[in-house]
Every structure is written in structure tokens, then in C-alpha cells.
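Below, read A as the first sequence line, B as the second, and so on, with proteins coming before strands; counting in each chain starts at 1.
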Protein chains: 2
Amino acid sequence: MDTLLRYFDMLCLIPKAPNSISTPELLEKLQSTGYDVDLRTVQRDLIKITSSPLFPISSTEGKKPLRWFWIDNSSPMQFPMMSTDEALTFKLAEIFLEPLLPPSVRSRLSGYFDLADKRLQESKFEHWAEKVGVVPNNLPLLPAEIEPSVLAVVYEALLKNQRFKATYHAVHNSEKTYDINPLGLVFRHNVIYLVATLFEYTDIKQLALHRFKNAELLDRVVKVPEGFALEDYIAEGRFNYPVNDNPEDISLKLKVSPFIKQMLQETPLSSKQQITEIDEDHYLVEVIIDNTRQLHRWLRSLGASVEVLEPADLRAEFAAEISTLSKMYQ
Amino acid sequence: MDTLLRYFDMLCLIPKAPNSISTPELLEKLQSTGYDVDLRTVQRDLIKITSSPLFPISSTEGKKPLRWFWIDNSSPMQFPMMSTDEALTFKLAEIFLEPLLPPSVRSRLSGYFDLADKRLQESKFEHWAEKVGVVPNNLPLLPAEIEPSVLAVVYEALLKNQRFKATYHAVHNSEKTYDINPLGLVFRHNVIYLVATLFEYTDIKQLALHRFKNAELLDRVVKVPEGFALEDYIAEGRFNYPVNDNPEDISLKLKVSPFIKQMLQETPLSSKQQITEIDEDHYLVEVIIDNTRQLHRWLRSLGASVEVLEPADLRAEFAAEISTLSKMYQ
DNA sequence: AATATGCCGTCAGTATTTGTCGCATAAATA
DNA sequence: TATTTATGCGACAAATACTGACGGCATATT
């Protein structure tokens, strides 16, 4: 039994393809976990494991301390097996994430999606794909592709708190190479921004990840500017280019069409939203809600199905914009 | 070595908690996989496996053919281990899916999210959560909660092609119990709809999943109406309540502000989009695109930052709506 | 060139695994 | 209710495997 557990621990200790572990390293880790074994045993175990097609594990050829790794592109094996429920949910998640995440980010999960596919392809479940659909609410803009190698470096830099060096191509600028002190990632629309400082400067920059090239990890630790917190930085509205006017709650009153009323019944704006009938074709929606740019976008997107009644200044804002639009289209 | 593989196969054959497998069943499956073993061996193996805290596997007490299962609520163990990249991506996916999927759907993946948490909580990666943020583009409407037991039955019914029975509470109706012939799931806004026929009728209904109660699987096979295909059903516009006028491509010309221009450079409407400068404050965007409801929503949401120049009928449509709005707000 | 390290074949002792048998108990059947 | 069948489990001996020790050889390291 002890040997079985040792095999499990060994399988855990062996990393995925780009990384690797040498036989002596493995021995050391196993011994520190409490397995009192000989190097020869570890060597034999590795040979046994790799000789089974079940475990796509391989080692470097030649080079003296052999290094072991899981061959990439294989989907993970797991216990207990992925249930059909989970598999279905993975496929749904895949559909949802497709227009949101850049391919190089999404592909990090492809092993799991493949596993889900396999699970659903068993005999009877074949036609599941024809049984699920999504009607998108928003216009799918194409997510900007990020170079996979760049993404890998940025991930690693953020996780390990290290700086990196990369070439950046700003929209109206030529390429430049920076020494980057990464502070955080922010997803906005379909773009991923790196929040960072450059070189030894202290001003905080937003850099779109898809504009990077040739990233390379440096051996210098990240220095966080005094008082910096990503959450606050976002809350300050640094990413809502046209900054929010009033980030505080407002008491919103809307006159809406029956269709919008039904939609808000299904998916309310907030748990305390109230809806009352005005007449057959109009309903009054009352809700306390954060006065964000997203709210404005949403209200505008509904066009003539919604009339903002209160607060007065929001109504005035809409009236002003509509009069601008009137002039544009007349 | 053969025994190690047998253990792996056994671990795969044992299902998760609500399900279970009896010792003789296990024996049979192992033998059909090619393991020539005795029942006694299987029994002994099971005892060994369950006596290790590594494998949260348990069996029924008493009842004679013992049934084995993985104890629930445990996150799966997997080989190779989840990489930090994957873990980070899982956390991002979690953030993205949170406003999109109802809790009961999302919770199906919680084991994986937990696994990702564990992976990221190792020593040095502690502060990753403070390094990732999302600035939502859309107003987060609250996804309607679906009863977990209902979801389980619906999933199973769809996968196994079986009917089910459930109580449905339509908005302006009292509760009724239907015999449901499920055809597919459609996600729209934040609501999941079941497309189905009822009893022996042939007209196709859309039923919001969160309005179901007390679902129960029936032992009758699903009958798909002649010529029905979910994809076509959606394409026909059955879910765009105000049906799309022209589902065909149009040649769109927009006059946009510098801000929108920059946004479209980052995340284009299509790969063939063209942008040219009109003057310092205005750019011309030309693109061939599907004339969908989502496009209209998007155009409206941008307010006065965008002027539709062509096609003429779309411009006319916007002009008409704006004049309606003008009257509303005057 | 000398030394150290790691891989691998072999061997014998030890530990583990396995089938068999017997008994006890729980379901199934007459 | 009695009888049969199926399952779980302890014990035991034979078969199997696992393990550490040793040594030869190839490849790094100094």
C-alpha cells in the first residue's frame, strides 16, 4: 500500500511539460515527505510508470541527471472522474467564455474542455451539443489575441512578484522596450490591461497585453508603490475613461415597456427592485442602484423602451444627449 | 505494475457520491477490462483504498452487496497537477462567469475552483487575488436562481433523452404540473430556458428554468418533433422577442468619436473593419456585419459618440427612435 | 586526466499480493 | 419459515513484486 501511495506522490511531483524534475530531486522530495527509499527504487518506479501508456510521462534523453515531465497537450486524468453534470457545465462555460477571453487565455483550460468532451461523447450522450444554445445579449467584439509566450511571462511575473522586460507597441508610437514592474491585471471590455510602473518611475501605466512582444522574466522583485491597491485604483474610475460622475447610489425611477418589465422580473437590477403598473403599456420600476457608466450604457441601449423619470439630473443628462442626437440625425 | 494500473482503473470506476458501484459490479467491469482477478482481491483492494485518507471513498453500511462511492464535496485530485497558469485562468473564469451563470450551475465547477485556490495559496502566490480585477462592460443583472434538484433532473433528462415531470409557475398563472419532453437549453440574458413540448402536444414552448419546482425524471424517451433543430429554432429568431428585421449582412458606416475609435481598434467588430480619419474629432468606421438586435443595442448604448451614416434604413430607424425619445423627454 | 554523479543490470532477501478455503451473516427464494 | 445463494472477511501458503546492495559503464564536472 505504501508503494501505491508513493506512486501517487511521484505522479504529483512530476510537473507538466515545460517544467521538469530530475531523478535526484524526486528522491529528495519523496524522502522529505517520509518515504525512506533508495535512488534505485525511484529510478525503477519511473521506468515502470513511463512504460505504461496510461501515463504520458517522458524524460530528457542523454543529459545525465534525467529530467521527467508530463507530455503536454494531454488532458489531465482525475479522480473521481468528471461527472456528466460537470462536463456539461464546462461546455457551457466554454461557450460563455469564448467571446470574453482571448484565445491564449482560454486555451489554458482546453485540457478540461477536452476532458468534458470525452465524457459527453460516451455512447448515449452524443447529441448533447445540439441541445444547447446561447442567444448573446451583447455584440461579440473580437477579443484581441495575446501572444502565448507573453501571457506566460506576465502570469509568472505576477505570481512570483518579479519584474519583466518586454517590447511594447503603443498605438501612436514606435516599439519600445521597457523594464516593467507589474502590479495587476485588469479585464475591461475584451482587453486585458497590465497595470504597472516602468523602470524606476512611480507613475502608474495601463498597458494592453496584446500590444506586448518578446517578454522575458527578470530577476528583480516587484516594488509596489506606497499606498497602491488595485481595487482602489479601479474604484477610482481609472478604467472608465469617461470617469463616473457619481459613484454613489441613486434612487432610480424608470417608466418601461412590458417587455423590459418582464425582463427585469426575470433578472432584477437589484434584490430590492420594485415594479408597479402605470397603465397597460407602461410599468414603473423603482430601485436604488449604483450610478455607474454601465448603468448609463444599459439605459441607453434600451432606446425608447425606457424613460428615465428620476433622479432629475440623470433625466436631464439623457434629455441633453437626445437633443444632441436629434441634431445629428435631422 | 499491473496492480497499480488496476488501482487506477478502480478509482476511475468508482462514481461520485450520489451514485455508487457494488463490489461484484466492480469485479465484472475489471474483468471485462482484462484484469483476471478474484472477487476477494477486489474486496481487499477496496479496503486498502478506503483506509487511506488520500482517497475519500466510502461504502454503504450493512446492506449486503456493499456499494462504493467517492465522498462528495471533495475537489478532484488530478494528474498532472493543475499548473499555476491553469489555476489563475480558472479564477479568471470564475470572475467572468459569476454574473452570467446562476449559482446552481456555477457551483458544479466549484471543485475545480477550489483546486485552483489551493494551488494558488501555496506559499509565495498568496496575494494573487489582489492582482486581478474586472471592469464590467455591462450592467450586472442578477441571474435568477435555479433549484439545484431541478437543474440535476433537467441535465439528466437532456443527456439521457428522457422526459420529466415538473411543476411550473408561469408569471401570470398558477402552478401547474407538466409532463415535459425536453428538446434543448438556451441561455439568453441571464436566464436559462428549456425548449420543450408538453404532454403529447407538438407546439414548442420556452420555459424558464428558475420557474420550475419538484422535477422528477420519467421513464419515457424524448420524441423530437419532425424537422426540429435547436440551432434553426434560435436562428429563426424565436428568442429575440422583437424579432430581427434583417438577419443578413449590411454594409455599416459609422461616424465615431476618438474614444470609440480606439476601442474598435482594440476589439474590432470584424476582422475586415476599416477605420479612416474624418477630422480630429471624428473617424469613419466601415464594416460588413450581421444586422442583429445585438448590433442595434450596442449602437444605441454608445449614445452621441456614434452616428449611423449607412445603410439608410438603419439611419432612418435610429432617427425615428430619437424623435420618439425627444418627445418623451421634452 | 581524474573524480563525481547518475543510469542500469543483476542478485538475494524481504515484503506484498493473490487465490483458496472456511465460516458468518445478509439477501433471495421456495 | 426453511433453504439456498451471495457477500464479506479472517487465515494461510504459494506466487509475485519490491527493495537495497553492489558493480560496471557512460556522462558531467573539476
Side-chain angles (χ1 to χ4, degrees), chain A residues 1-15 17 19-71 79, chain B residues 1-15 17 19-71 79:
Chain A
M1 194 55 200
D2 211 41
T3 70
L4 174 66
L5 292 178
R6 199 182 59 230
Y7 278 99
F8 265 86
D9 276 317
M10 283 179 61
L11 291 171
C12 281
L13 288 170
I14 297 172
N19 302 314
S20 62
I21 189 170
S22 74
T23 323
E25 280 167 357
L26 246 174
L27 173 68
E28 194 191 358
K29 293 219 175 186
L30 284 172
Q31 285 180 335
S32 74
T33 315
Y35 295 103
D36 182 24
V37 284
D38 194 84
L39 177 65
R40 187 73 190 91
T41 302
V42 177
Q43 291 173 345
R44 270 191 291 242
D45 290 351
L46 284 165
I47 291 171
K48 269 188 221 153
I49 288 174
T50 51
S51 68
S52 161
L54 237 168
F55 309 106
I57 288 177
S58 177
S59 72
T60 54
E61 303 269 331
K63 285 278 176 187
K64 221 22 190 326
L66 261 52
R67 305 195 63 85
W68 305 85
F69 52 87
W70 288 81
I71 295 168
F79 309 112
Chain B
M1 193 53 201
D2 212 40
T3 70
L4 174 66
L5 293 179
R6 197 183 62 230
Y7 278 98
F8 265 87
D9 276 316
M10 283 180 62
L11 291 172
C12 281
L13 288 170
I14 298 172
N19 303 313
S20 61
I21 189 170
S22 74
T23 322
E25 280 166 356
L26 246 174
L27 173 67
E28 195 191 359
K29 293 219 174 187
L30 285 173
Q31 284 180 335
S32 74
T33 316
Y35 295 101
D36 182 24
V37 285
D38 195 83
L39 177 64
R40 187 73 190 92
T41 302
V42 177
Q43 291 173 344
R44 271 191 291 240
D45 289 349
L46 284 166
I47 291 171
K48 269 189 222 154
I49 287 174
T50 51
S51 69
S52 162
L54 238 167
F55 310 105
I57 288 177
S58 178
S59 71
T60 53
E61 303 269 331
K63 287 277 177 187
K64 223 25 193 316
L66 262 52
R67 305 194 64 85
W68 305 85
F69 52 87
W70 287 82
I71 295 168
F79 308 113

Round to the nearest Å and state the distance from [X] atom [atom1] to [N] atom [atom2].
X	N	atom1	atom2	answer
B:E28	D:dA6	CD	C1'	15 Å
A:R67	C:dG6	CZ	P	11 Å
A:L4	C:dA15	CG	C1'	15 Å
A:L26	C:dT5	CG	P	19 Å
A:Y35	D:dG20	OH	P	14 Å
B:R40	D:dG10	CZ	P	7 Å
A:E25	C:dG6	CD	P	10 Å
A:E61	C:dG6	CD	P	19 Å

Calculate, to the nearest 0.5 Å, the distance between atoms [atom1] and [atom2] belonging to [X] and [Y] respectively.
X	Y	atom1	atom2	value
A:F8	A:L13	CZ	CG	13.0 Å
A:I14	A:S59	CD1	OG	10.0 Å
B:L11	B:I49	CG	CD1	4.5 Å
A:F69	A:I21	CZ	CD1	13.0 Å
A:T50	A:D45	OG1	CG	10.5 Å

For A:W68 and A:M10, what are the C-alpha separation, side-chain angles and deciding distance, and is it a side chain to side chain contact (heavy atoms under 4.5 Å, CB included)? CA-CA 11 Å; A:W68 305 85; A:M10 283 179 61; over 6 Å; no
Can you tell me how the ring of A:F79 sits relative to the ring of B:F79, calling it parallel under 30°, perpendicular over 60° and tilted otherwise?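 Rings of A:F79 and B:F79: perpendicular, as their planes differ by over 60°.
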Please determine, for the side chain of [X], which listed nucleotide ([options]) has the closest atom?
X	options	value
B:I47	C:dT18, C:dG6, D:dC9	D:dC9
B:T41	C:dG19, C:dT17, D:dG10	C:dG19
A:T3	D:dT19, C:dC21, C:dG9	D:dT19

Please report the closest heavy-atom contact between A:Y7 and B:L4, naming both atoms and the distance. CD2-CD2, 3.6 Å
When you check every protein heavy atom under 4.0 Å of nucleotides 25-30 of chain D, what one-letter string (B, S, -) results, 5' to 3'? -BBS--
What's [X] touching, base or sugar-phosphate or nothing? Going by heavy atoms closer than 4.0 Å.
X	answer
B:T23	sugar-phosphate
B:L39	nothing
A:D38	sugar-phosphate

Is the phosphate of [N], meaning OP1 or OP2, less than 4.0 Å from a side-chain N or O of [X]?
X	N	result
A:K48	D:dA17	no
A:R6	D:dT19	yes
B:Q43	D:dC9	no

Pick the nucleotide of DNA chain D nearest each of B:L66 and A:D36; which residue has the one closer to the 5' end? B:L66
Mark yes or no for a side-chain to base donor-acceptor pair under 3.5 Å between A:R44 and D:dG20, with no hydrogen or angle criteria applied. yes
Axis-to-axis angle between the two ends of the helix from C:dA1-D:dT30 to C:dA30-D:dT1 (five base pairs per end, rounded to 10 degrees): 40°
Check the pair B:L26, B:L46 against side chain to side chain contact (heavy atoms under 4.5 Å, CB included), reporting the backbone distance first and the verdict last. CA-CA 10 Å; B:L26 246 174; B:L46 284 166; 3.9 Å; yes
Look only at the side chain of A:S58 and the backbone of A:I71, and say whether a donor-acceptor pair between them is shorter than 3.5 Å.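 Absent.
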